[in-house]
Amino acid sequence: MMKASISLMDKIVEDCAGPLVESGYAKMRGFSFQRDTGENVLLVAFQQSKDKPLDGLRFTVNLGVMNKALAAEQELSLTKLSAFDCHLQTRLGNVMPCMNDRWWVLNNSTLIDVSTEVVGAITTWAVPYLDRYKTNADLVTLWSSGSSPGLTAKTRDDYLKSLIRLSSLAAR
Amino acid sequence: MQVKTGNVFYTIPGSLASLWTADTAVSTAVTLGTAGAGTLANVGANVGTKAAQVTLNRQAGNAFRDEIAGLMTQMGYQVRTEVYKRTIFGRRFIDIEVSKGGTVLGGIEAKYGGAVYSGSQRAKDAYLYMMHRYRVNVVRSQ
């Protein structure tokens, strides 16, 4: 059962690899893809649920943006990037029109439908969403607006101050 | 009411609305447990072996978590379930992360039955509050 589930997860990730690689993402360890935009690293990472339904597995897709300047200051690894370390964190479902935390149940009977939906959502919603956050200025603009997906207001303000300071130093 | 890290709330009508006091627009009309009570009771019925009990408890806990997440969504919050956080005491697994207006307010630890809010969890939650003002509130099923 476990092997079958892992195989199904591999299949979904494999199906998503095509459009992600076409968009400049590279396959990383585990079930994740990264794209280096110069100042930021964009992340698409599949997360399996701790819940284990008898009829397959549940998974969701995390989206993240890691700012390199902040990461260097925090001594975070860019090669072992985790969604929960990112400076912007959201889920695929949150950037889809439903704007919900979507989890998919994957088994042999749902594989084709789930794959079609997830590949389509990544292409249509996730990649364009992440494309909006390729630079330091993009994150400064976002955080200055008061929005900070995945961050509390305090952490957002801390990051905003640090990123403006680091950008100023780099510009000198 | 001022909410602090580690506060314990019980699932009486309207109690969820007290979790995030900064937002006065929260409805207090939502009652937890009405829709899912039958489901949770059924999950715990006809228990056989100890392993089966563990499985059933997990299923009931997950159903309880999903019910709270659904209610928070109904009240206009954005939620993410099963979210990991890095702390100096190790990873913290948050049952439900709650956001409003694109900013995270904190997390909810959904405790079903007599599940314990452990010392390790308290230490990690204290870290999250001190470093990020990320409040983890505990909601119990009884």
Side-chain angles (χ1 to χ4, degrees), chain A residues 45-55 57-64 66 71 74-77 80-96 98-103 105 129 141-160, chain B residues 5 20 22-23 43 52 54-66 68-70 72-74 76-88 90-108 110 124-125 127-136:
Chain A
F46 293 75
Q47 176 185 333
Q48 289 189 55
S49 173
K50 286 173 75 175
D51 297 358
K52 292 186 172 36
L54 297 175
D55 58 344
L57 61 86
R58 289 175 81 234
F59 77 94
T60 189
V61 183
N62 292 309
L63 309 179
M66 172 72 80
Q74 297 167 333
E75 299 180 346
L76 293 173
S77 168
K80 294 180 179 176
L81 189 57
S82 294
F84 56 82
D85 283 329
C86 284
H87 301 109
L88 183 157
Q89 302 169 27
T90 189
R91 292 245 165 99
L92 177 57
N94 294 118
V95 303
M96 292 167 66
C98 61
M99 295 177 69
N100 283 330
D101 181 27
R102 282 290 305 274
W103 289 80
V105 175
Y129 176 83
T141 303
L142 172 71
W143 292 337
S144 299
S145 75
S147 179
S148 54
L151 304 181
T152 58
K154 178 193 182 297
T155 304
R156 176 191 66 219
D157 292 345
D158 289 348
Y159 287 173
L160 183 57
Chain B
T5 302
W20 314 111
D23 186 346
V43 165
V54 171
T55 301
L56 290 172
N57 285 346
R58 187 185 301 124
Q59 288 174 344
N62 293 338
F64 179 58
R65 176 202 65 203
D66 291 343
I68 295 171
M72 297 303 290
T73 303
Q74 282 180 30
Y77 295 93
Q78 296 87 48
V79 300
R80 287 193 299 164
T81 55
E82 300 193 37
V83 176
Y84 287 95
K85 295 288 173 188
R86 186 187 295 278
T87 81
I88 57 170
R91 286 185 188 185
R92 175 71 164 104
F93 180 82
I94 303 291
D95 288 328
I96 305 165
E97 182 167 277
V98 181
S99 299
K100 185 85 172 177
T103 298
V104 172
L105 299 176
I108 293 176
K124 291 170 183 175
D125 293 349
Y127 172 87
L128 290 172
Y129 183 72
M130 294 305 295
M131 298 303 292
H132 301 288
R133 292 294 181 269
Y134 186 103
R135 292 189 305 220
V136 178

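By convention in this document, chain letters (A, B, ...) are assigned in the order of the sequence lines, proteins followed by strands, and residues within each chain are numbered from 1.
Side chains of A:Thr152 and B:Val104 form a contact here, defined as non-hydrogen atoms less than 4.5 Å apart. Put simply, the side chain of A:Met99 does not reach to within 4.5 Å of the side chain of B:Gln78, judged on heavy atoms. Side chains of A:Arg58 and B:Asn62 form no contact here, defined as non-hydrogen atoms less than 4.5 Å apart. Side chains of A:Asn94 and B:Arg80 form a contact here, defined as non-hydrogen atoms less than 4.5 Å apart.
Using a 4.5 Å cut-off between heavy atoms, A:Gln89 touches chain B through backbone and side chain atoms alike. Heavy atoms of B:Arg92 lying under 4.5 Å from chain A are absent altogether. Both the backbone and the side chain of B:Thr103 come within contact range of chain A, with heavy atoms under 4.5 Å apart. Using a 4.5 Å cut-off between heavy atoms, A:Thr60 makes no contact with chain B at all.
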(request) Kindly determine whether A:Asp157 and B:Arg133 satisfy salt bridge (Lys or Arg N to Asp or Glu O under 4.0 Å), including the steps that lead there. (result) CA-CA 11 Å; A:Asp157 292 345; B:Arg133 292 294 181 269; over 6 Å; no
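Checked by atom type, the side-chain pair A:Thr155/B:His132 shows a donor-acceptor distance below 3.5 Å.
Residues A:Gly150 and B:Lys85 share a closest heavy-atom pair of O-NZ, 3.8 Å. Residues B:Tyr84 and A:Phe84 share a closest heavy-atom pair of O-CB, 3.0 Å. What you find for A:Asp101 and B:Val79 is that their closest heavy atoms are CB-O, 3.2 Å.
A side-chain donor-acceptor contact under 3.5 Å links A:Arg91 to the backbone of B:Thr81.
Under the rule for a side-chain hydrogen bond (donor to acceptor under 3.5 Å, both in side chains), the partners of A:Asp158 that lie at least two apart in sequence or sit in another chain are A:Lys154. For B:Arg91, there are no side-chain hydrogen bond (donor to acceptor under 3.5 Å, both in side chains) partners two or more places apart in sequence or in a different chain.
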